[in-house]
Amino acid sequence: MAEPRISSIDGKLAEEFAVPSHVDEVKEKMAAFARYHAEAGRKVVLITSGGTKVPLESRTVRFLDNFSSGRRGASSAEYFIDSGYAVIFLHRHRSLFPYTRMFLTINMLDALQFRGGEDTSEVVVNQQVLPNIAKVLKRYDEVKDERLLLPIEFSTLSEYLHLLKAAAQALSTLGSKAMFYLAAAVSDFYIPASEMPEHKIQSSDGPLQLSMKMVPKILSPLVKDWAPQAFVISFKLETDSAILIAKARRALDTYRHQAVVANVLDSRRGYVVVVTRDTQAELILTEEDVKNEVEIEERIVSNLTAAHKAFITQQVG
Ligand code: PMT
């Protein structure tokens with residue numbers, strides 16, 4: 001397999017975004033995960049999920065955050081696993097997580113009951129407070145036993161960028177059997193470390209004016225240099241539906257990857273459009289679907305796994 005090319009963004013990443021100290025260790029973990037599943041004949045998807053955080057001060061008190069609950073990424077991870085994939089889940093610290101996502105709003109102490117006796121005591125789960133807990137726990141244990149989910153955390157933009165690059169390199173041995181599903185909401189702006197004030201910005205200095213630099217579009221080296229044979233899906237979030245499809249098409253023209261999942265903030269739970277160079281598939285949940293608790297991620301994953309299968313066949317043939 002050819003060595004990945006070095007892009008100009010590699011230099012920028014190293015110079016302007018602090019390299020997390022554990023990046024090599026995580027890269028080796030991801031490479032071992034990829035090897036293990038490749039030997040088992042499994043495809044691997046790298047899911048990014050949650051929003052990045054950009055610090056405004058070196059000793060950070062304030063930061064700029066991109067909106068994302070992480071639900072899209074967490075639920076998609078479950079559907080990919082159900083479809084036979086192994087998943088690297090590169091997610092924002094404390095954003096929604098596969099399987100536990102269903103119980104996050106529940107106060108754990110309300111869900112447990114203490115039963116104490118003279119000599120013994122036990123804690124039992126109240127299944128009325130945690131509906132489906134037995135089913136979800138059973139599935140979670142199976143997924144853990146089969147090593148199908150590798151969670152990796154990030155918080156800041158720098159961590160995200162370096163860990164995504166490490167993931168791309170770790171998965172490059174899988175060729176077209178690797179999929180990148182980039183659902184994270186990544187900041188477009190940042191303050192370089194050299195221009196960042198060390199201490200907390202003082203309100204006594206008056207109104208704050210910020211000048212931020214553009215974050216390099218990481219999709220470009222990912223598609224061209226780091227994982228050129230992989231099946232790459234980006235997401236496009238807009239608040240104005242009138243420009244959504246044009247923006248998705250522009251992203252495909254610019255980065256030459258395989259598909260864009262286009263969504264509008266307010267309708268993202270029930271409507272998305274999967275855009276490829278030649279096709280445009282609207283995925284919509286009906287009222288009936290919503291009543292039956294169908295999730296749009298099930299439809300997205302079904303659409304993309306079929307497209308990935310066709311892509312692999314085409315690459316091999
Ligand atoms: O988490 P939820 O609450 O469920 O919401 C899901 C979601 C709305 C966050 C998700 O469906 C979604 O749309 N994610 C992408 C949001 C986004 O920030 O889009 P964007 O237009 O900024 O970026 C488009 C693509 O470019 C993304 O795939 C991103 O990974 C990529 N990008 C962005 C910035 C950057 N510097 N480099 C990039 O490669």
Tell me which donor-acceptor pairs under 3.5 Å the side chains of residues 233-242 have, and how far apart each pair is, sequence neighbours excluded?
{"residue": "Ser234", "atom": "OG", "partner": "His257", "partner atom": "NE2", "Å": "2.9"}
{"residue": "Glu238", "atom": "OE2", "partner": "Lys247", "partner atom": "NZ", "Å": "3.3"}
{"residue": "Asp240", "atom": "OD1", "partner": "Ala242", "partner atom": "N", "Å": "2.9"}

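- Atoms CG and CZ, from Leu304 and Phe80 in turn, are 5.5 Å apart once rounded to the nearest 0.5 Å.
- For the pair Glu57 and Glu198, the minimum side-chain heavy-atom distance is 4.5 Å or more.
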Distance-only criterion, 3.5 Å: show the donor-acceptor pairs between side-chain atoms of residues 307-314 and protein atoms not counting sequence neighbours.
{"residue": "His308", "atom": "ND1", "partner": "Tyr85", "partner atom": "OH", "Å": "2.7"}
{"residue": "His308", "atom": "NE2", "partner": "Ser176", "partner atom": "O", "Å": "2.7"}
{"residue": "Thr313", "atom": "OG1", "partner": "Lys309", "partner atom": "O", "Å": "2.8"}

Scan the side chains in residues 121-132 for donor-acceptor partners under 3.5 Å anywhere in the protein, sequence neighbours excluded, and list what turns up.
{"residue": "Asn126", "atom": "OD1", "partner": "Gln128", "partner atom": "N", "Å": "2.9"}

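- Taking the salt bridge (Lys or Arg N to Asp or Glu O under 4.0 Å) definition, one finds that Lys29 meets it with nothing, sequence neighbours left out.
- Under the side-chain contact (heavy atoms from CB on, under 4.5 Å) criterion, Ala184 pairs with Thr48, Tyr160, Val186, sequence neighbours left out.
- A distance-only check finds a donor-acceptor pair linking the side chain of Thr305 to the backbone of Val301 [under 3.5 Å].
- Through direct or indirect side-chain contacts shorter than 4.5 Å among Ile, Leu, Val, Met, Phe, Trp and Tyr, Ile243 is connected to no other residue.
- Within the structure, ring-ring contact (aromatic ring centres under 6.0 Å, His included) pairs that include any residue of residues 258-282 do not occur (at least two apart or interchain).
- Judged as a salt bridge (charged side-chain N to carboxylate O under 4.0 Å, His left out), the pairs with a partner in residues 128-138 (not counting sequence neighbours) are, in order, Lys138-Glu142.
- Qualifying salt bridge (Lys or Arg N to Asp or Glu O under 4.0 Å) partners for Glu287, counting only residues two or more places apart in sequence or in other chains: none.
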Verdict with reasoning, Glu78 to Arg101, per salt bridge (charged side-chain N to carboxylate O under 4.0 Å, His left out): CA-CA 11 Å; Glu78 294 171 21; Arg101 71 188 168 101; 2.8 Å; yes
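- For residues 34-52, the set of pairs meeting the salt bridge (charged side-chain N to carboxylate O under 4.0 Å, His left out) definition, not counting sequence neighbours, comprises Glu28-Arg35.
- Checked against a 6.0 Å centroid threshold, the rings of His91 and Phe154 do not count as neighbours.
- The salt bridge (charged side-chain N to carboxylate O under 4.0 Å, His left out) pairs that include a residue from residues 161-185 are Asp10-Lys165, where partners are two or more places apart or lie in different chains.
- Residue pairs meeting the salt bridge (charged side-chain N to carboxylate O under 4.0 Å, His left out) criterion with at least one partner in residues 261-279, sequence neighbours excluded, are absent.
- Remark: Asp188 CG to Thr52 OG1 distance equals 8.5 Å, nearest 0.5 Å.
- A donor-acceptor pair under 3.5 Å links the side-chain atoms of Arg249 to the main chain of Thr276, judged by distance alone.
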